[in-house]
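Data block below; observations after.
Side-chain atoms are counted along with the backbone in the values below, which use heavy atoms only and exclude waters and symmetry mates. One-based numbering along the sequence shown.
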Amino acid sequence: MACLGILALSVAAIQGAVAAVTFTVPGKAHSGGLKYAPLDPAPVGISFEFFAFPSYFTNVTATTQCLSNWKDLTGIWPPIRIGGTTQDRALYDSSTSAYVVYSVSSPADAPASLTFGSSFMTLAGSYDGTVVVGLNRGKNQIQNTIDAAKVAVSEVKNLLAIELGNEPEYYSSAGQPIASGSWSPAIDAASQNNWDISVGSAVKKAPIIQAGNSNDSPPTWGAAELIATENATVKQYVKTYAHHNYPGGSVSSLMSHKSISTNLHVFDADVAAALKENKPYIFGETNSVSGGGAATVSPTFGAGLWTMDYVIRASYSNISRTYFHHGTVGNCQYCFWGRYSMGAPYYGAYAATDFLAKASYLTALDDGSSNYAAYVSFDSDGAPLKALLYNSDYFSGSGSRSSQSFVLQGLTGSSLKAKRLTAASAQSRVDQGATVTYGGQSFTDGNCNVSGTETFEAIAVSNGQVTVTINASEALVILLQ
């Protein structure tokens with residue numbers, strides 16, 4: 001049962017606070033001269049490294065529960081993508097009954113080569129949400145990939161799309177056979193287009209291909225560049241255009257709202273190009289720092305706040321879905337969960353999912369030029385549903401913690417409820433024993449069960465406005481209905 005903490009949140013002059021930032025909540029979607037983005041029913045997804053996917057679903061207890069927690073908010077299972085570097089090291093073997101077959105010198109390593117059987121696709125097909133499956137193009141064995149694609153179409157009941165290759169800009173340096181001669185964005189585009197037609201026609205599905213899947217910053221290797229090379233035959237097989245993104249940096253730079261907004265503007269032209277083709281644009285693989293994450297950055301609460309703001313700003317930028325990558329089990333700094341402990345970033349993803357759940361439209365009230373973010377989601381009738389406020393000022397845990405007053409205008413009623421996402425500092429790590437809470441609740445190590453009593457803060461509305469104080473490295477979700 002939820003408990004209600006009556007807090008004096010209407011007092012603006014709290015110690016450490018600076019001048020308030022003021023935003024007006026539109027009374028209806030598509031009003032007030034603001035930009036609005038339509039929302040996918042489940043914008044927050046997970047990408048599983050190809051070879052590790054079976055382990056996440058058979059050896060990691062928390063996986064199903066962590067995904068189910070989001071389903072409880074949105075009403076549908078979150079989307080997943082299976083792929084990554086090892087999809088271009090994997091060949092289909094119809095004779096094996098195993099999910100995957102490989103050998104490594106250490107459990108922390110990713111295999112240099114592997115095979116997988118039809119049971120891999122059967123396992124993927126047991127998931128109740130949509131599934132994107134990444135297959136091999138790097139080894140240039142198209143018939144093997146077609147055979148695998150046919151099994152995917154047969155076994156994965158919620159198959160959304162098939163990727164043909166992962167981050168092709170690295171094929172040459174990785175020694176992939178398909179790039180054994182010269183290799184460039186133009187040569188790759190021609191290869192992608194040919195494979196899209198060959199695989200799509202072989203499985204008799206259109207549209208079925210998730211195209212692009214590069215990691216270099218656009219415009220090179222980007223969707224606009226690729227689309228310009230496609231003819232009508234290719235385009236009929238393309239379901240979505242995807243790109244990968246790992247912003248990197250320190251905790252303070254990563255979680256900065258201004259930095260997040262700047263990073264996402266890099267993709268504006270590619271998003272526009274995809275939408276012009278009436279195709280969704282997505283982040284098919286993303287997380288804080290590439291290569292499994294950085295130990296000093298990726299497991300922190302600051303990275304969790306980045307996760308929250310990043311996926312919301314991406315949705316506002318018309319990036320329909322964002323798949324956060326999960327790599328080698330037990331050797332993954334940016335993973336939201338593992339066998340034995342939760343990760344602080346999961347909390348940010350959960351808060352974002354809660355804010356976006358059951359919403360049809362989204363707007364940003366800020367212009368992305370400061371550390372202070374304000375968003376409003378709207379229901380299918382266009383009525384304001386929730387607001388999210390974020391203070392991305394960095395607090396290391398040392399010294400005094402600053403705070404920021406936010407004023408929201410244009411409200412109705414006499415009181416509202418809110419849930420706070422908070423921790424002792426941006427450096428807090430759940431996997432090292434620190435406490436992170438959202439609405440007073442946390443997630444249990446090892447199984448991802450919700451723990452604690454859901455706690456709302458009461459906010460008084462006076463003359464159509466509220467004033468709330470948010471500490472540095474905190475966020476607040478306000479219910480408007």
Side-chain angles (χ1 to χ4, degrees), residues 46-60 63-64 80-168 171 174-180 191-192 194-205 208-210 213 237 285 326-331:
I46 296 292
S47 167
F48 294 102
E49 181 61 44
F50 191 92
F51 87 95
F53 159 71
S55 185
Y56 273 101
F57 277 84
T58 60
N59 297 323
V60 182
T63 297
T64 299
I80 67 170
R81 172 256 189 179
I82 303 164
T85 301
T86 56
Q87 80 183 65
D88 277 310
R89 302 174 184 176
L91 291 174
Y92 173 61
D93 180 0
S94 62
S95 68
T96 183
S97 60
Y99 296 127
V100 287
V101 178
Y102 62 86
S103 62
V104 291
S105 58
S106 166
D109 294 340
S113 64
L114 65 149
T115 58
F116 63 98
S118 61
S119 60
F120 183 100
M121 297 301 176
T122 303
L123 180 63
S126 69
Y127 183 64
D128 287 329
T130 63
V131 180
V132 173
V133 175
L135 297 176
N136 195 323
R137 184 161 58 95
K139 288 190 180 297
N140 203 24
Q141 297 187 30
I142 193 167
Q143 187 56 54
N144 186 271
T145 297
I146 287 172
D147 293 343
K150 288 180 177 178
V151 177
V153 168
S154 172
E155 295 295 316
V156 185
K157 63 182 182 297
N158 290 327
L159 182 68
L160 181 66
I162 293 171
E163 290 179 4
L164 297 173
N166 177 81
E167 299 177 359
Y171 279 174
Q176 287 286 10
I178 201 166
S180 59
S191 168
Q192 281 205 48
N194 289 333
W195 280 58
D196 291 353
I197 294 170
S198 296
V199 175
S201 60
V203 300
K204 298 180 173 61
K205 287 276 189 180
I208 190 62
I209 302 299
Q210 182 154 290
N213 311 303
Y237 288 108
E285 179 187 317
H326 283 54
T328 307
V329 176
N331 187 27

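For the side chain to side chain contact (heavy atoms under 4.5 Å, CB included) with F120, the lone residue among T96, I82, V156, V151 that qualifies is I82.
Minimum heavy-atom separation, E285 to G84: OE1-CA, 3.7 Å. Closest approach of R137 and S191 over heavy atoms only: NH1-OG, 2.9 Å. M121 and A152 get closest at one heavy-atom pair: SD-CB, 3.9 Å. Scanning all heavy atoms of the two residues, the minimum distance from S103 to P111 falls at O-CB, 4.5 Å. The two residues S113 and Y102 come nearest to each other via the heavy atoms O-CB, 3.6 Å.
For the side-chain hydrogen bond (donor to acceptor under 3.5 Å, both in side chains) condition, the pairs that include at least one residue of residues 114-130, sequence neighbours left out, are T122-E155.
In this structure A148 satisfies the side-chain contact (heavy atoms from CB on, under 4.5 Å) test together with Y92, F116, L135, sequence neighbours excluded. The side-chain contact (heavy atoms from CB on, under 4.5 Å) search around T58 returns Y99, L123, not counting sequence neighbours. Every residue two or more places apart in sequence or in another chain was checked for a side-chain contact (heavy atoms from CB on, under 4.5 Å) with N158, and none qualifies. Residues satisfying the side-chain contact (heavy atoms from CB on, under 4.5 Å) test with A110, not counting sequence neighbours, are F51, T86, R89, T328.
Rounding to the nearest 0.5 angstrom, the gap separating the CG atom in L114 from the CZ atom in F50 is 6.5 Å. Between the CD atom of E167 and the CD atom of Q176 there is a distance of 12.0 Å, given to the nearest 0.5 Å. One distance of note links CG of L159 with NZ of K205; it measures 7.5 Å at 0.5 Å rounding. Remark: N136 CG to T145 OG1 distance equals 5.0 Å, nearest 0.5 Å. Rounding to the nearest 0.5 Å gives a distance of 6.0 Å between CG of N166 and CG of D88. Here the CG-CH2 distance, from N140 to W195, works out to 5.5 Å after rounding to the nearest 0.5 Å.
Residues N59 and V329 are not in side-chain contact: their nearest non-hydrogen atoms beyond the backbone lie 4.5 Å or more apart.
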Criterion side-chain contact (heavy atoms from CB on, under 4.5 Å) on E49 and T85, from CA distance to verdict:
CA-CA 7 Å; E49 181 61 44; T85 301; 4.3 Å; yes
Would you tabulate the side-chain donor-acceptor contacts of residues 196-204 under 3.5 Å, counting partners in other chains and residues two or more places apart, or write 'none'?
residue, atom, partner, partner atom, Å
S198, OG, N194, O, 3.0
S201, OG, I197, O, 2.7
S201, OG, S198, O, 3.1

